[in-house]
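Encoded as structure tokens, the structure appears first; notes follow it.
Counting begins at 1 with the first residue of the sequence.
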Amino acid sequence: MALANLGPVLWACADSMRGSMSADEYKDYLLGLVFYKHISDSQLYDVYDLLKNEKPESLEKAQAFYEELYASRSQDDEAAEEWNDLQQELIDKYGFAIAPQTTFTAFYNQINDNKFTTDILRQAMRDIEQKVFDLDDVTQIKPYEDLFEDFDIDSKSLGATPRERNKLLADVIKKLQAVNLSEYGADALGDAYEYLIGQFAAGSGKKAGEFYTPQAVSTLITRIVTSGREDKQGFSIYDPCMGSGSLLLQAKNYLDASVQNTVQFFGQERSHTTYNLARMNMILHRVPFTQQHFRNGDTLGADWPTEEPTSYDSVVMNPPYSQDWSADKGFMSDQRFQPYEKLAPKSKADFAFLLHGFYHLKTDGVMGIVLPHGVLFRGAAEGTIRRHLLENGSIYAVIGMPANIFFSTGIPTCVVILKKNRDSRDVLFIDASKEFKAGKAQNVMEQEHIDKIVKAYHGRKDVEKFAHLASFEEIKENDFNLNIPRYVDTFEEEELVDIPAVQERLKVHREEAAALDEQLAGFFKELGL
């Protein structure tokens, strides 16, 4: 179902919350409710479909059926066994089963009956967080612990009193119930997030957008890093700045169906709210918790992962651009940075992020990272690091992206592709700065643009005014400067102007204008003007 149908509902929900909190706050509350409703609606439809082998006519019909099953479970052994089997099937598919009393539709009905309280919502979320799994005879874990920690039901932002908070959340729940999220794909959370930060950029702005990678950019990078390994069992992918997890999740789309359920996802995120958003995204995409290896922490401050496995088939990154970091001298003994002679500048951590990711790449792996263009040509310490990477043959390709395709910044960015243990030190440059469709708020890269870039990437040869394969000698002659215009000439000669022809056209226009003036004068005379 198109996001256009969900958008107006999200707008109406946000309208209810706008008066009491900032855009960045209500975005987080809305996303938590969208996640819960998506899982709830999907489970309701699955319950009906599993036992009746057909889709229900509505969420209300599915809810009534689920409540009947729950009530009948104590009537006889067969009904109890059927109930237990159903609950296990939901757990196997989603990781947990939502009880009929705590589905989103149940909340809606409770609101209409004046029985809903925030305590009911709090307990429903806690039930998910406290779900226990036995990994073996002695090990128990709670994989969803603290999943809703940032959904603060008692926050004064929702209202000064419990009554006011109850009223606001009830209002939002009623509005969200207007859409059946089981009809939306697993990307519903990402689509909702993209919509919200797009609509409310003035309020949530850079803070919201800096950890969201547009789907087109995610698609481009993951198509490149998974190419040639589509059928690899246990494919591992790592994002040290995973944000909402969109880059990681795209990988499944470009792997063979036979291996999609074996992908191992590794990621780290500093923002606790965004870390939980990524976990929710994984649940919506039916990624088992045994394939999720995530950490809430500072990527540059302390290396992670430090226990096996520590290197991966692919590394993907869209780190915050030119961020400050400590650049403490002690990092020069850190294995991630030590081989490159210098540390990234304190005011620009771009190369620190790149080197961290590259350190965790397998020897036959592929890494893709989004960075500002400054990393291609800035000097001093960054120039030294860039030279070492080029001398090692580590930089495989540089792709210049269109400006204004991110929510957080209008500056143009580039995608740098890195590999280890290459036989050659050449670099492919692709100027894709014009590969977009202009949009009202952001420019948009469409499928045809991505296909063109990927084709040039795999072709690895010169394409006039679009791509150039530069030798190491050519790069060295340019003093290891990777500024794309040095290698891809996109200059278009202006067409010569035929001055005599222009003069002749002007003469004709003047004559036509004089004739019209004369004709108008005649009309005015007849009118007595």
Side-chain angles (χ1 to χ4, degrees), residues 213 217-218 220-229 235-242 247-248 250-251 266-267 299-300 303 310-319 321 334-344 348-378 382-401 413-430 432 453-454 456-458 460 467 469-472 475 480-484 487:
T213 306
V217 180
S218 299
L220 173 65
I221 292 176
T222 49
R223 280 182 64 177
I224 287 174
V225 302
T226 58
S227 179
R229 291 175 293 175
F235 182 87
S236 60
I237 184 166
Y238 173 47
D239 187 345
C241 305
M242 68 178 178
L247 259 171
L248 288 171
Q250 277 285 349
F266 293 80
T299 291
L300 298 181
D303 188 21
T310 59
S311 57
Y312 310 97
D313 294 304
S314 292
V315 175
V316 292
M317 295 180 74
N318 178 23
Y321 308 144
D334 191 310
Q335 295 180 75
R336 296 174 291 172
F337 313 118
Q338 188 272 333
Y340 299 93
E341 191 180 338
K342 301 281 188 180
L343 291 173
K348 295 179 178 66
D350 304 313
F351 269 113
F353 283 114
L354 182 150
L355 294 178
H356 170 89
F358 191 58
Y359 174 75
H360 288 285
L361 185 67
K362 285 184 178 180
T363 55
D364 61 345
V366 183
M367 173 178 168
I369 181 171
V370 187
L371 291 170
H373 276 255
V375 300
L376 303 177
F377 54 79
R378 290 192 297 245
E382 291 180 294
T384 300
I385 296 169
R386 189 170 58 247
R387 173 174 57 80
H388 279 291
L389 289 166
L390 290 164
E391 288 176 341
N392 295 337
S394 303
I395 298 178
Y396 186 77
V398 175
I399 305 169
M401 304 294 282
T413 55
C414 62
V415 172
V416 181
I417 306 298
L418 299 103
K419 294 185 178 184
K420 291 183 176 179
N421 296 340
R422 292 177 58 210
D423 294 330
S424 174
R425 294 187 290 179
D426 54 12
V427 177
L428 177 69
F429 291 87
I430 298 175
I453 297 168
V454 172
Y457 173 83
H458 289 306
R460 202 161 178 79
L469 183 62
S471 67
F472 177 74
I475 294 168
F480 302 102
N481 186 316
L482 301 182
N483 200 17
I484 298 172
Y487 302 94

pair D239-N318: side-chain heavy atoms closer than 4.5 Å: no
Partner of C414 under side-chain contact (heavy atoms from CB on, under 4.5 Å), chosen from V370, I399, L376: L376
Any donor-acceptor N/O pair, T299 side chain to P240 backbone, under 3.5 Å: yes
Distance (rounded to the nearest 0.5 Å) between I395 CD1 and L390 CG: 4.0 Å
Ring geometry between Y487 and F429 (parallel below 30°, tilted from 30 to 60°, perpendicular above 60°): parallel
Residue list, salt bridge (charged side-chain N to carboxylate O under 4.0 Å, His left out) with D313, at least two apart or on another chain: K232, K362
Inter-residue atom distance Y321.OH - T413.OG1, 0.5 Å rounding: 5.0 Å
Donor-acceptor under 3.5 Å (R386 side chain, F480 main chain): yes
Minimum-distance pair of heavy atoms, taken over all atoms of I430 and L428: CD1-CD2, 3.9 Å
Those residues that, when tested against K420, pass side-chain contact (heavy atoms from CB on, under 4.5 Å) (two or more places apart): F358, L361
CG-CD distance between L248 and Q250, expressed to the nearest 0.5 angstrom: 10.5 Å
Donor-acceptor contact below 3.5 Å, side chain H360 vs main chain S311: no
Reported NE2-to-CZ distance for the pair H458 and R223, which is rounded to 0.5 angstrom: 7.0 Å
Whether R425 side chain and F472 backbone form a donor-acceptor pair below 3.5 Å: no
Between CG on residue N392 and CG on residue L418, distance to nearest 0.5 Å: 11.0 Å
Side-chain heavy atoms of T213 within contact of I221, under 4.5 Å: no
For Y359, all residues meeting side-chain contact (heavy atoms from CB on, under 4.5 Å), sequence neighbours excluded: D303, Q335, R336
Residues D426, R460: salt bridge by 4.0 Å N-O rule: yes
Spacing of CG belonging to L343 relative to CD1 belonging to I385, to within rounding of 0.5 Å: 7.0 Å
side-chain contact (heavy atoms from CB on, under 4.5 Å) against P339, all qualifying residues, sequence neighbours excluded: none
Exercise: identify the closest heavy-atom pair between T226 and F235: CG2-CZ, 3.9 Å
For R378, side-chain hydrogen bond (donor to acceptor under 3.5 Å, both in side chains) partners two or more places apart: D350, E382
Contact summary for A432 and I453, nearest pair of heavy atoms: CB-CD1, 3.5 Å
Exam field: side chain R229 to backbone V225, donor-acceptor pair closer than 3.5 Å: yes
Set of side-chain contact (heavy atoms from CB on, under 4.5 Å) partners for A349, sequence neighbours left out: L300, W325, A352, F353
